[in-house]
Amino acid sequence: MRIILLGPPGAGKGTQAKKLAESLKIAHISTGDILRQNVKEGTTLGKEAKDFMERGLLVPDELMSKMLSDRFSQADIKKGFILDGYPRNFAQALTLEEIFKQRNLDVDMVVYLDSSDAVIIQRLSGRLVCSTCGANFHITNMPPKKNGICDKCSGSLFQRTDDKEETIKKRLEVYKNEVSSLIKYYQDKNKLYRLVADGDAGIVLNEIVALTKKLHDSLKV
Ligand code: AMP
């Protein structure tokens with residue numbers, strides 16, 4: 001199964017993608033995670049991307065294309081993937097199509113997780129991330145058992161520098177400027193499925209799983 005997850009920052013793409021990748025045994029490709037890893041390791045890409053990320057802006061397309069193309073050259077892609085955080089604009093959608101063409105791949109479904117601004121700001125401003133395993137928590141919605149410590153691996157939790165209210169607003173503005181062209185692009189290809197993601201993450205996950213099953217059955221016919 002090859003899935004693209006679209007949606008505003010804070011719609012729960014990362015949370016859903018991790019769970020889906022585990023249950024479907026496919027690769028999870030999060031462009032935000034790859035970039036953050038590069039920033040952490042101080043690579044050339046990380047150094048080039050850091051400032052854009054801290055300001056809530058998109059990292060330039062040329063850097064993203066190279067990064068994505070490298071990621072799609074890895075063997076684990078063959079078992080299927082869930083792409084989270086890419087494409088973020090129309091040019092990236094075209095780049096992705098080119099990468100797929102070169103590798104004889106196609107996307108099965110594009111799930112658009114929609115969320116309201118109020119929910120997004122509440123979720124992101126309270127989000128905590130594990131510095132070791134990347135698991136997400138929330139100060140009030142999903143607090144860790146021990147303050148500042150990851151339930152899963154005991155790593156320390158931190159707040160992302162781009163999860164400050166001002167930066168969240170900037171990220172939302174950037175997102176809204178670009179998303180309609182992406183929605184139209186995938187709608188025209190009959191690949192788009194829209195879900196409201198304001199509610200409980202477990203319910204949203206069940207809805208996505210139901211969609212994948214329906215699609216899987218229809219592909220078998
Ligand atoms: P995310 O974890 O998906 O919210 O991404 C965090 C930040 O990484 C974004 O605010 C951007 O600065 C950068 N980023 C992630 N994916 C992309 C992308 N496809 N294109 C450009 N910048 C990206």
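Here the structure is a predicted model, which is why all the values come from computation and not from measurement. Indexing begins at 1, ligand by ligand and atom by atom, following the structure's order.
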task = Look at the aromatic rings of F72 and F81 and report parallel, tilted or perpendicular, splitting at 30° and 60°.
result = perpendicular
task = Indicate yes or no: does K13 engage D84 in a salt bridge with an N to O separation below 4.0 Å.
result = no
Within 6.0 Å of NZ in K18, more than 12 heavy atoms from elsewhere = yes
inquiry  = Below 3.5 Å, N or O to N or O, backbone or side chain included: is there any such pair between Q92 and ligand 1?
reply    = yes
task = Look at ligand 1 and say whether K13 reaches it with a heavy atom at a distance under 4.0 Å.
result = no
Protein contact to atom 10 (O) of ligand 1 [nearest heavy atom, distance to 0.1 Å] = R171 NE, 4.0 Å
remark   = atom 1 (P) of ligand 1: closest protein heavy atom, distance to 0.1 Å, is R88 NH2, 3.4 Å
task = Report yes if some N/O of G85 lies less than 3.5 Å from some N/O of ligand 1; otherwise report no.
result = yes
ask   = Is T31 in polar range of ligand 1, meaning some N or O pair under 3.5 Å apart?
value = yes
key: Passing candidate, side-chain contact (heavy atoms from CB on, under 4.5 Å) with Y86, options L6, L68, I4, L5   = L68
query = Has ligand 1 got any nitrogen or oxygen that is less than 3.5 angstrom from a nitrogen or oxygen of Y86?
reply = no
ask   = At what distance is the nearest protein heavy atom to atom 22 (N) of ligand 1, and which residue and atom is it?
value = V59 N, 3.0 Å
Atom 17 (C) of ligand 1: nearest protein contact (heavy atom, Å) = M64 CE, 3.5 Å
inquiry  = Is the shortest side-chain heavy-atom distance between Q122 and T140 below 4.5 Å?
reply    = yes
query = Is the distance between the ring centroids of Y112 and Y185 less than 6.0 Å?
reply = no
inquiry  = Apply side chain to side chain contact (heavy atoms under 4.5 Å, CB included) to residues F137 and C150 and explain how you reach the verdict.
reply    = CA-CA 8 Å; F137 296 85; C150 176; 3.8 Å; yes
Atom 14 (N) of ligand 1: nearest protein contact (heavy atom, Å) = L35 CD1, 3.4 Å
inquiry  = For T167 and R160: C-alpha separation, side-chain torsions, deciding distance, then whether side-chain hydrogen bond (donor to acceptor under 3.5 Å, both in side chains) applies.
reply    = CA-CA 11 Å; T167 319; R160 277 172 45 174; over 6 Å; no
message = For ligand 1 and L57, I'd like to know whether there is a polar contact (N/O to N/O, distance under 3.5 Å).
response = yes
message = Suppose I only count heavy atoms of D162 and a 4.0 Å limit; which atoms of ligand 1 are within that range?
response = 6 (C)
inquiry  = Could you check whether any heavy atom of R160 sits closer than 4.0 Å to an atom of ligand 1, since that is the contact criterion I want to use?
reply    = yes
key: E178, portion touching ligand 1 at heavy-atom distance under 4.0 Å   = neither
message = Between P87 and T95, is there a side-chain heavy-atom distance shorter than 4.5 Å?
response = no
